[in-house]
Amino acid sequence: MQDAALKSIRRENYAAPAYWISDVNLTFDLDPAKTRVLNRMRVRPNTHITRPEPLRLDGEELDLVRVLINGQGATFRIEESERGNQLVIEQVPAEEFDLEIFTICKPEKNTTCQGLYVSQGTFFTQCEAESFRRITYFLDRPDVMAEYTVMLRADKKQYPVLLSNGNLLDQGDLPDGRHYAVWNDPFPKPSYLFALVAGNLVCREQRIRSGVGKSHLLQVFVRSGDLDKTEHTMNSLMHAIAWDEARFGLLLDLNRYMIVAVSDYNMGAMENKGLNIFNTKYVLANPSTATDTDFFNIESVVGHEYFHNWTGNRVTCRDWFQLTLKEGLTVFRDQEFSMDMAGTASAKAIKRIEDVRALRTVQFPEDAGPMAHPIRPDAYAQVDNFYTATVYEKGAEVIRMMQTLVGREGFAKGISLYFERFDGKAVTCDDFAQAVADANPHSELAKHLPQFKRWYSQAGTPRIKASGWYDAGNNTYRLTLSQSCPPTPGQPTKEPFVIPVAVGLIAASDGGEMPVQFANEEIGQDGTRILTLTETEQSWTFVNLDTEPVPSLLRGFSAPVILEMHMSDAHWLTLLANDTDPFNRWEAGQRLALDRAIRFVKDNAEVQLDAPFVDAMRAVLRDEKLDAGFKELVLTLPSEAYMAEQFDVVDPQRIHQVREAMQQQLAELLYGDWIAVWNANQPAGGYQLNHVAAGQRALANLALSCICRAAAKEGMAVWEGKAYQRFKDADNMTDRLGALRALLACRSKLAQPAMERFLAQYHHEALVVDKWFTLQSTASDHDGDVLPRVRELLKHPDFSLSNPNRARSLISAYCQANPAGFHRADGAGYAFWVEQVLALNKLNAQVAARLARALDNWRKLAQPYHEKAQAALQQVASHTDLAPDVKEIITRALALPEQGE
């Protein structure tokens, strides 16, 4: 499977470019069939390179018209490569010179959603990571930063809105019904941050004034008819601007800040300087079309892209190996922002739990599979394949550990020093870590910095084994922690990490919080203490404990690790009932459920939930001190994907059967409590968007699903009728979908008419139609009926393979979010995957590559899934026209474990 055409680019081979570009003047004559791009650049040789080198500019799918140096024709050649091609100019002046390149591209034929393309009659760009080369020949790398001035010319009637980065300098009419706009971005930026938009759009505007008194114009551009769905996006943007100024002292630096929504988009959003381009999924929302989760995701993503203005734009990556420098840091910042926006301590805890749940569901399996890589990879064949949960979410956890080790105020000092040193530069992860350590010279981070940076170089999820011993005679408790990390491709052995372990002690006798006092301290401290684990094994002794403690470890999920601690059910139940740390209280409930699920799967035993577990869940439901949203999280069983991570050999069907049976029993055994919860969490008025109300809706919808499950078994159709009525009458999408899911979960006869009614009602709302497709592709697979339905939906008039959102809503949702439906014993799910990967490979390599990852961990599958999944991978691999993105994924999946990189 090793293909010479997929040679890796290695971090160790980084070299500064032979030339720099200081100024770029671009003129676009926009036409869907043939857009003309005139690129005038100011180029200078890198004086640190003494040996003259040819100027090599990256390009892809461009028609080259002319090349001029200082106004004169230049001699050049085109060198082809798998990554596009290069314009090579051997003879260039030894001093700074003007380079002019005139090219033509074909936006309407560009189905990749990269470079310059057309979506529903509007021009958009997506240049990260290496797609500016689809617009013009350029030094398309992040360490080449230039000031851009851009003129856009287009038909005024078709494209009345002309946008690019920065500030608007001039605009006006041209002959023949055309017009122009000139934009200038005064801040040097790499080419991946370039953007333009041209189309017939409307916008919501808001003027704000910063803390220093400067006025700014905020704009959100959407298609006509969607303006009523932009208020939340604008509010989120204003909140993000105010938060960044208050938390880190970082100000908005442009006269205006623009967000534009597009429905054909490979990713969630893009932080182009001053002109963010967003997937409509993260812009458009009102209560009738968007769920609570949609609203909160929009707030998070809007914050994320705005925060990139400093952590990514003002200071950017030296090379793509440093991607987590901007992405991990900015995910951490958007998580902190969302937690602060949540307000209450309970709502913050819920946000933290949701983030960790996502990490465990997506990133932990990635760390355990063939695509395992450090947050700063050492090599890649296609950089687009490394926009991963590891780089983003695990990268954020590494930043969070830094904050834990230096404190919240210390981390803010580190951020300030980072910008003081590197504003306007392209730098590395080492530069950031050093700045935080230097700002906190007496911290645990500074003390262990070289070792801490192993988080940047070592892949895999560390495992911590914990054991404790209580000495009643001396009133002491000895806690021993050991760490290890399993082999990953190319890294058979790992050195110890620096792992902050947040710890508290709960009394086994009465559940009270106990002071934490180390042996060398005169007095203990209430609450959480931080243990810094740096060795393979370390022990700590706590003193003055007059009763046995139950350790509450890894509070707040203080490190992205797997904690192995064998405690009795009684101790887990103590934490579930009493732990003052909300995360660990939730974690205790998950452990109790997970232990039972593992036992049922391994023993192939009948699922029968025991009374202590059921009573504990009942106690949570009845606890009036707990928020509704927290109860919903505790009563939601671990996902099938997370359950699968606990096994060396995975039987997806058995896991599905066990989880379904556990859900059914919780529904039946807590039936009366579910009805009480349902009645207690009905809305008192109209829809309100806040975390308390959202938590009540979440718990009520879980209750309704459980009630319908239990009632269906008893033949009590009245609850199905109530669910259908709620579906029809709900004043918000959260409750409407909740009722619809309840009908699907209990396999009600009313589910099908409800689905038909749903589509008819929202036929013209693309994002809601996406939900309609996903509901069906992720439905519980009772009789192998999901795949035939998915195949039927491929032919539905509302389905389009070329639209990334729609493809993800049906195909990716089925292959990656419905384990039992996808992993069929007959291999039909894998055959479907082969067809769709190959079909998408021709249209959009990025979407195809992400779908290809559905079989990353095929080696862990039990037979017959293992053999059939391998055959499917080999079938895809046999095709000679695979896009490099897809080829790399398939190659890595099929490579023998010991081959590594």
Side-chain angles (χ1 to χ4, degrees), residues 1-13 82-83 320-321 323 362-391 394 457-461 485-494 644-645 647-650 815-816 822-823 827 830-831 833-834 836-838 840-841 845-846 848-901:
M1 280 298 302
Q2 299 298 329
D3 190 324
L6 281 175
K7 290 182 179 178
S8 291
I9 299 172
R10 305 196 65 85
R11 183 168 63 89
E12 64 190 20
N13 295 332
E82 189 177 45
R83 293 184 172 89
W320 290 120
F321 300 102
L323 182 59
V362 181
Q363 196 280 319
F364 278 20
E366 184 169 88
D367 247 348
M371 278 292 290
H373 55 279
I375 65 170
R376 181 180 59 192
D378 288 321
Y380 63 77
Q382 290 296 120
V383 67
D384 289 337
N385 286 334
F386 284 86
Y387 283 73
T388 61
T390 297
V391 167
K394 185 177 180 180
S457 59
Q458 294 186 155
T461 305
C485 189
T488 54
Q491 294 186 339
T493 59
K494 310 294 173 70
E645 282 301 294
F647 298 94
D648 294 327
V649 179
V650 177
C815 296
Q816 295 173 303
F822 177 56
H823 297 286
Y830 306 145
W833 171 84
V834 171
Q836 303 311 314
V837 168
L838 294 177
L840 283 164
N841 176 70
Q846 280 193 16
R850 284 168 173 78
L851 177 62
R853 298 201 57 189
L855 287 180
D856 268 7
N857 291 337
W858 67 274
R859 293 182 183 277
K860 290 182 64 175
L861 293 172
Q863 295 292 10
Y865 316 106
H866 179 102
E867 180 181 4
K868 295 182 184 298
Q870 182 180 23
L873 282 159
Q874 290 170 337
Q875 186 177 348
V876 173
S878 68
H879 284 256
T880 58
D881 62 345
L882 290 182
D885 308 57
V886 179
K887 187 181 293 186
E888 180 177 24
I889 298 298
I890 301 298
T891 299
R892 291 174 70 105
L894 284 172
L896 293 176
E898 64 269 22
Q899 285 181 329
E901 183 63 52

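All figures in this text were calculated on a predicted structure; none of them were measured in a lab. Just so it is clear, the values below take in all heavy atoms, side chains as well, and ignore hydrogens, waters and symmetry mates. Residue numbers count from 1 along this sequence.
When all heavy atoms of C815 and A854 are compared, the pair lying nearest together is O-CB, 3.8 Å. Pairing each heavy atom of W858 with each of A893, the nearest pair is NE1-O, 2.9 Å. Here the closest heavy-atom approach between residue I890 and residue A852 is recorded as CD1-CB, 4.1 Å. A pairwise comparison of heavy atoms in C485 and A459 identifies SG-O, 3.5 Å as the closest pair. Taking all atoms of both residues into account, the shortest heavy-atom contact from S8 to A379 is CB-CB, 4.0 Å. Smallest separation of non-hydrogen atoms from A389 and V362: CB-CG1, 3.7 Å.
The closest donor-acceptor contact from the side chain of E888 to the backbone of A381 lies under 3.5 Å. The backbone N or O of Q846 lies less than 3.5 Å from a partner atom in the side chain of R850, making a donor-acceptor pair. A side-chain donor-acceptor contact under 3.5 Å links R859 to the backbone of L894.
L882 CG to I889 CD1: the interatomic distance, rounded to the nearest 0.5 Å, is 11.5 Å. Within the model, atoms CG of L851 and CD of Q836 stand 7.5 Å from one another, a figure rounded to the nearest 0.5 Å. Atoms CG and CH2, on L855 and W833 in that order, are 4.5 Å from each other to the nearest 0.5 Å. From E645, atom CD reaches atom CG of N857 across 6.5 Å, with rounding to the nearest 0.5 Å. Note: D856 CG to R853 CZ = 4.5 Å, rounded to the nearest 0.5 Å.
Here the side chains of F321 and F386 are not in contact, with every heavy-atom distance at 4.5 Å or above. Within the 4.5 Å cutoff, no side-chain heavy atoms of V650 are placed close to those of Y865. With contacts defined as side-chain heavy-atom distances shorter than 4.5 Å, the pair Q382/K887 does not qualify.
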Review point. Yes or no on side chain to side chain contact (heavy atoms under 4.5 Å, CB included) for K494 and T488, after CA distance, side-chain angles and deciding distance?
Key: CA-CA 9 Å; K494 310 294 173 70; T488 54; 3.0 Å; yes

Stepwise, does the side chain to side chain contact (heavy atoms under 4.5 Å, CB included) test hold for F647 with K860?
CA-CA 8 Å; F647 298 94; K860 290 182 64 175; 5.8 Å; no

* **Worked verdict on T461 versus K394 for side-chain hydrogen bond (donor to acceptor under 3.5 Å, both in side chains)** => CA-CA 10 Å; T461 305; K394 185 177 180 180; 5.2 Å; no

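Every residue two or more places apart in sequence or in another chain that forms a side-chain contact (heavy atoms from CB on, under 4.5 Å) with Q863 is listed here: H866, E867. A search for side chain to side chain donor-acceptor pair (under 3.5 Å) contacts involving Q363 returns D367, T390, not counting sequence neighbours.
Partner of D378 under the side-chain hydrogen bond (donor to acceptor under 3.5 Å, both in side chains) criterion, chosen from Q491, H373, R11: R11. Screening Q875, H879, Q874 for a side chain to side chain contact (heavy atoms under 4.5 Å, CB included) with V834, the sole residue that qualifies is Q875. Each of N841, V383, D384 was evaluated against D885; a single residue qualifies, D384, per the side chain to side chain contact (heavy atoms under 4.5 Å, CB included) test.
Aromatic ring orientation, Y830 versus F822: perpendicular (interplanar angle above 60°, classes split at 30° and 60°).
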